[in-house]
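The first residue of the sequence shown is numbered 1, and numbering continues consecutively from there.
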Amino acid sequence: INFNNTSSINDDVLRREMRQMEGGYLSNAAVDRSKLRLQRLPYIEDVKVETTPVPGSADLVDVNFEIKEGLPGQFSGGIGYSESQSVLLNGSFVHSNFMGTGNRVAAEINAGQYSKVFSLSHTDPYTTVDGVSRTVSATFRSITQFTQASSDFETETGTLAVDYGWPISEFQSLRL
């Protein structure tokens, strides 16, 4: 099994999506399922597959996946002004293929005079070889009074969370 035109994705990230095993009997269904699984990755734009006979061997083929990489991340930001809340800032960053590992990292900031939210998260889609995923996240939220004359409301909340996902089938998982 060969992967062509990949420069920012680690080889093991692509191989863990394979349903056609290297050295195994060729199965068109397994090759098609492998192609579908690769196409579902958020940092891959297109996948083409071709099987070619190995020269000098009547019963061996190479399975070649032509990969067209897409953008692995998103960045957004904004600034605004409101008479009641003053300056408002927001921004987010999501990278679905952090350092070629297939891991997802995300950061978000929303801040105004009365409300501030900061959050970070890291998702490893293959914490185990069986496809169990793990997300670790941290969030800080601070909300203060909206009207000083009639309210003395103020709260700060910090959250640490771990989320696991167990695959039930190719298309379903259970999250806890």
Check your understanding: Does atom CZ of Arg19 have more than 12 heavy-atom neighbours from other groups under 6.0 Å away?
Key -> yes

**Study point:** Counterpart residues, ring pair (Phe, Tyr, Trp, His ring centres under 6.0 Å), relative to Tyr43 (two or more places apart)
**Key:** none

Check your understanding: Do Thr101 side-chain atoms and Phe98 backbone N/O form a donor-acceptor pair below 3.5 Å?
Key -> yes

Practice item. Measure the CZ-NZ distance between Phe65 and Lys48 for me, rounded to the nearest 0.5 Å. Key: 14.0 Å

Exercise for review: For residues Thr51 and Asn28, determine if any side-chain heavy atom of one lies less than 4.5 Å from a side-chain heavy atom of the other.
Suggested key: no

Exercise for review: Would you mind reporting whether Leu160 and Ser137 have side-chain heavy atoms less than 4.5 Å apart?
Suggested key: no

**Study point:** Hphob cluster co-occupancy, Val129 + Met21, side-chain heavy atoms under 4.5 angstrom
**Key:** no

Check your understanding: Would one find more than 12 heavy atoms of other residues, nucleotides or ligands at under 6.0 Å from atom CG of Leu60?
Key -> yes

**Study point:** Main-chain N/O of Lys116 paired with Asn110 side-chain donor or acceptor, under 3.5 Å
**Key:** no

Practice item. May I ask you to say whether Arg40 pairs ionically with Glu17, meaning some side-chain N is under 4.0 Å from a carboxylate O? Key: no

Point to revise | side chain to side chain contact (heavy atoms under 4.5 Å, CB included) between Leu89 and Ile109, worked out | key: CA-CA 8 Å; Leu89 298 171; Ile109 297 172; 5.8 Å; no

Exercise for review: Return the minimal non-hydrogen interatomic distance between Tyr164 and Val162, and the atom names on each side.
Suggested key: CE1-CG1, 3.3 Å

Review point. What's the shortest heavy-atom distance between Ser8 and Asn97, and which atoms?
Key: O-ND2, 3.0 Å

Review point. Looking at CG of Asn5 and CG of Asp46, how far apart are the two atoms once the value is rounded to the nearest 0.5 Å?
Key: 11.0 Å

Revision key, fill the gap. For Gly112 and Leu88, the nearest pair of non-hydrogen atoms, with its separation, is CA-CD2, 3.7 Å

Exercise for review: Measure the shortest side-chain to side-chain distance between Met18 and Leu38 over non-hydrogen atoms and say whether it is less than 4.5 angstrom.
Suggested key: yes

Check your understanding: Do Thr6 and Ile44 come close enough that some side-chain heavy atom pair is under 4.5 Å?
Key -> no

**Study point:** Glu170 side, atom CD; Leu36 side, atom CG - distance, nearest 0.5 Å
**Key:** 8.0 Å

Exercise for review: Report yes or no: do Phe75 and Val105 belong to one cluster of Ile/Leu/Val/Met/Phe/Trp/Tyr joined by side chain heavy-atom distances under 4.5 Å?
Suggested key: yes

Review point. Hey, what do you get for NE2 (His95) to NE2 (His122), rounding to the nearest 0.5 Å?
Key: 12.0 Å

Point to revise | 4.5 Å side-chain heavy-atom contact, Arg104 and Ser121 | key: yes

**Study point:** Pairwise side-chain contact, Tyr126 with Val13, heavy-atom cut-off 4.5 Å (strictly under)
**Key:** no

Check your understanding: Does any N or O in the side chain of Arg15 come within less than 3.5 Å of the main-chain N or O of Ile1, such that one atom is a donor and the other an acceptor?
Key -> yes

**Study point:** Nearest-0.5 Å distance that lies between atom OG in Ser119 and atom CZ in Arg141
**Key:** 8.5 Å

Practice item. Please answer: with hydrophobic residues joined when any side-chain heavy atoms are less than 4.5 Å apart, are Phe140 and Leu120 in the same cluster? Key: no

Practice item. Sequence neighbours left out, what pairs pass salt bridge (Lys or Arg N to Asp or Glu O under 4.0 Å) with at least one residue falling in residues 52-78? Key: Glu45-Lys68

Practice item. Examine distances only and state if a side-chain atom of Ser115 and a backbone atom of Ile143 form a donor-acceptor pair shorter than 3.5 Å. Key: no

Practice item. Write down the atom of Trp166, the atom of Leu176, and the distance for their closest heavy-atom approach. Key: CZ3-CB, 3.7 Å

Review point. Hey, is the main chain of Tyr25 close enough, under 3.5 Å, to the side chain of Gln20 for a donor-acceptor pair?
Key: yes

Review point. Does any N or O in the side chain of Asn90 come within less than 3.5 Å of the main-chain N or O of Gly78, such that one atom is a donor and the other an acceptor?
Key: yes

Point to revise | Exercise: identify the closest heavy-atom pair between Arg37 and Arg16 | key: NH2-O, 4.3 Å

Review point. So with a 6.0 Å cut-off around CG of Asp11, is the heavy-atom count from everything else above 12?
Key: yes

Study note, to complete from the structure: Correct closest heavy-atom pair for Ile67 and Phe3 would be CD1-CD2, 4.4 Å

**Study point:** Nearest-0.5 Å distance, CG of residue Asn2 to CD of residue Glu50
**Key:** 11.0 Å

Exercise for review: Output, in order, the C-alpha distance, side-chain angles, deciding distance and verdict of side chain to side chain contact (heavy atoms under 4.5 Å, CB included) for Ser96 and Gln74.
Suggested key: CA-CA 9 Å; Ser96 297; Gln74 300 171 345; over 6 Å; no

